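Below is one structure; the comments refer to it alone.
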Amino acid sequence: MEPSKTLRIAIQKSGRLTDKTINLLENIGLKFDGYKNRLLIKSMNFDVELLLIRDDDIPEYVQDGICDLGVVGANVTKETSAEVTVLRDLDFGHCRLSIAVPKSSGITSVNQLDKKRIATSYPALTQEYFRKLGLEAKIVKISGAVEITPRLDVADAICDLVSTGGTLKTNGLVELETILKSQSQLIQTKKPISAEKTELINKFLVRIEGQQLAENSRYIMMNASKSALEEITKIIPSLNSPTVLPLADANMIAIHTVIPIAKFWEVMEELKNAGATGIVMLPIQNMIN
Ligand code: ATP
Ligand code: ZN
C-alpha cells in the first residue's frame, strides 16, 4: 500500500480520552466536521485525518505506520510494548496502575501475594512487576470490571487503573502499591514519514506547547496607585515586563501581566499588601512565547 499523504492520527473512539483529545486537536487549530459514529474523519483545514479506534489498538497502529501519530495513555503503550516515539506528555488522563487487595484479606504487602491469583487487564506490566520482585503471580486476564473479581473469588488481588480510588473503596479494596504512573501521550511512528508530514507535526508540537503554557498560566489585571508600581513589579514573576495603563484617575494605573498558575495564590496576598486592588484573573486560550 502507498503511504498516505495525509497525516493520520489515531485517537480513542469512545472513552475517557475522547473528549479531551478532540479538545486538544481543536485548540491547536484543527477543524473537523462532526465525530459521531465515524471511523475516519478528515480535517476541514489541514491535510490530517483522525482514525477513531479502541485505545488498546492505538500503539500498534502507530508502530506499524498505519497511523503517523496517536493519542493514548502511557499505560497502554507500555503494556503493548509497541515500538513508537513518545513526542510529548499531554497532561490529561492521569491515572496509576495499582495493586489492590480486599480490605478484609488482611494483606498489607505485595510479598504476601506470591503464587496468588491477580486479576488484571495489564498482564504484561503486572507479570513484569512481580518478576522483578522475585515473586510469582498467577495472572487472571480480565478485560473489564476487574474490581469485582476478588468478591467472585476469581482472584485474590487485582492490578488495575486508579484515579481517585473511589471504585476501589466502593468494592472494599485497598491499594497496596502503584506499579506505573500514567497520563495521555502523543506518540509517533518510527516508520519513515514524508518531510511534509514532519513539518506539520512540528507545527502542531509548537502549538501544543503554547496550549500547555496557556493552560498553566493566567492573565492577571489589577489597579494600583502610581507609587505602588515599583513594589508590584518586584512581586510579579512575569514572563515579560508588565503592561501598565493609565486610568481616569491620574494617580492610578492598571497593571496587566501573565503569571504561572502555580504562583497565583502565592503572589496574590503580596500584591494586595503592596496596594493592588480589584485583582482579576483570566484564563488564556493560547500563547506563543
Ligand atoms: P476502549 O473501548 O477504547 O478500549 P477502555 O475502556 O479501555 O476503552 P477507558 O476507560 O476509556 O478505556 O480509559 C482510557 C484511558 O484513560 C486509560 O487507558 C487510561 O490511560 C486513562 N484513565 C484515566 N483515569 C482512568 C481510570 N480511573 N480508569 C481507567 N482509565 C483511566
Ligand atoms: Zn481499552
Side-chain angles (χ1 to χ4, degrees), residues 8-25 27 32 35-41 49-64 66-67 69-101 118-129 139-151 154-155 157-188 208 212 215:
R8 190 181 288 160
I9 310 174
I11 72 167
Q12 191 186 22
K13 182 170 174 52
S14 148
R16 288 173 201 261
L17 306 182
T18 310
D19 286 353
K20 293 216 166 101
T21 304
I22 289 171
N23 236 337
L24 171 81
L25 297 173
N27 272 333
F32 300 95
Y35 300 93
K36 286 271 164 331
N37 305 319
R38 291 168 58 193
L39 188 64
L40 205 58
I41 303 170
E49 62 189 9
L50 302 181
L51 183 70
L52 282 84
I53 50 179
R54 288 199 59 189
D55 68 343
D56 312 59
D57 298 329
I58 294 174
E60 272 130 350
Y61 269 58
V62 174
Q63 168 185 273
D64 299 344
I66 295 163
C67 294
L69 298 177
V71 175
V72 66
N75 52 305
V76 180
T77 307
K78 292 224 160 92
E79 174 67 20
T80 54
S81 54
E83 281 286 329
V84 296
T85 306
V86 175
L87 290 181
R88 181 169 283 279
D89 287 335
L90 295 173
D91 205 19
F92 62 84
H94 288 278
C95 58
R96 53 192 189 272
L97 185 61
S98 287
I99 296 170
V101 291
I118 323 287
T120 186
S121 311
Y122 295 85
L125 291 170
T126 307
Q127 192 73 266
E128 166 82 355
Y129 180 78
I139 305 284
V140 181
K141 189 169 185 252
I142 302 280
S143 58
V146 171
E147 64 280 1
I148 63 162
T149 56
R151 253 191 297 153
V154 170
I158 66 165
C159 183
D160 201 11
L161 294 177
V162 184
S163 48
T164 58
T167 308
L168 291 185
K169 212 168 170 203
T170 315
N171 287 283
L173 300 166
V174 284
E175 226 171 319
L176 280 188
E177 273 324 316
T178 293
I179 78 170
L180 177 80
K181 282 204 172 133
S182 180
Q183 62 174 290
S184 296
Q185 298 176 321
L186 182 67
I187 57 171
Q188 182 180 334
I208 290 173
Q212 290 181 333
E215 253 169 34

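Computed from a predicted structure; not experimentally measured. Just so it is clear, the values below take in all heavy atoms, side chains as well, and ignore hydrogens, waters and symmetry mates. Ligands are counted one by one from 1 in listed order, and the atoms in each one are counted from 1 as well.
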Look at ligand 1 and say whether H94 reaches it with a heavy atom at a distance under 4.0 Å.
yes

If we only count heavy atoms from C-beta on, is the I118 to I158 side-chain gap below 4.5 Å?
no

Answer yes or no: is there a side-chain heavy-atom contact under 4.5 Å between K78 and L125?
yes

What protein heavy atom lies closest to atom 12 (O) of ligand 1? Include the residue and the distance to one decimal.
Q12 NE2, 3.4 Å

Distance under 4.0 Å to a non-hydrogen atom of G73: what atoms of ligand 1 satisfy this?
20 (O)

Any donor-acceptor pair under 3.5 Å linking the side-chain atoms of S121 with those of S143?
no

Is N171 close to I148 at the side-chain level, that is, under 4.5 Å between some pair of heavy atoms?
yes

Protein heavy atom at shortest distance from atom 16 (O) of ligand 1
L17 CD2, 3.5 Å

Among all protein heavy atoms in this structure, tell me which lies nearest to atom 27 (N) of ligand 1, with the distance rounded to 0.1 Å.
S163 OG, 2.8 Å

Can you check whether R96 reaches L180 side chain to side chain, under 4.5 Å on heavy atoms?
no

Any heavy-atom pair between the side chains of Q183 and D91 that's under 4.5 Å?
yes

Tell me the contacting part of R54 for ligand 1: side chain, backbone, both, or neither, using a 4.0 Å heavy-atom threshold, strictly below.
both

Check each heavy atom of T167 against ligand 1 and say whether those closer than 4.0 Å belong to the side chain, the backbone, both or neither.
neither

Using side-chain heavy atoms (C-beta onward) and a distance below 4.5 Å, is L69 in contact with I187?
no

Any side-chain heavy atom of Y129 sitting closer than 4.5 Å to one from E177?
yes

For atom 14 (C) of ligand 1, which of D55, N75, V72, L168 has the closest heavy atom?
D55

Looking at atom 24 (N) of ligand 1, tell me if a protein heavy atom falls under 4.0 Å from it.
yes

Closest approach of any protein heavy atom to atom 10 (O) of ligand 1, naming residue and atom:
R16 NE, 3.1 Å

Here the N/O/S atom of D56 closest to the Zn ion (ligand 2) would be OD1

For T164, which part has a heavy atom under 4.0 Å from ligand 1: side chain, backbone, both, or neither?
neither

Quick one: list whatever passes side-chain contact (heavy atoms from CB on, under 4.5 Å) with R54, sequence neighbours left out.
D56, D57

Where is the nearest protein heavy atom to atom 30 (N) of ligand 1: which residue, which atom, and how far?
L161 CD1, 3.3 Å

State the atoms of ligand 1, each with its element, that fall below the 4.0 Å cut-off from a heavy-atom position in G15.
11 (O)

Of all the N, O or S atoms in D55, which has the shortest distance to the Zn ion (ligand 2)?
OD1

Under 4.0 Å from a heavy atom of V76: which atoms of ligand 1 are those, numbered in the order shown and with their elements?
18 (O)

Under 4.5 Å between any side-chain heavy atoms of V162 and T167, yes or no?
no

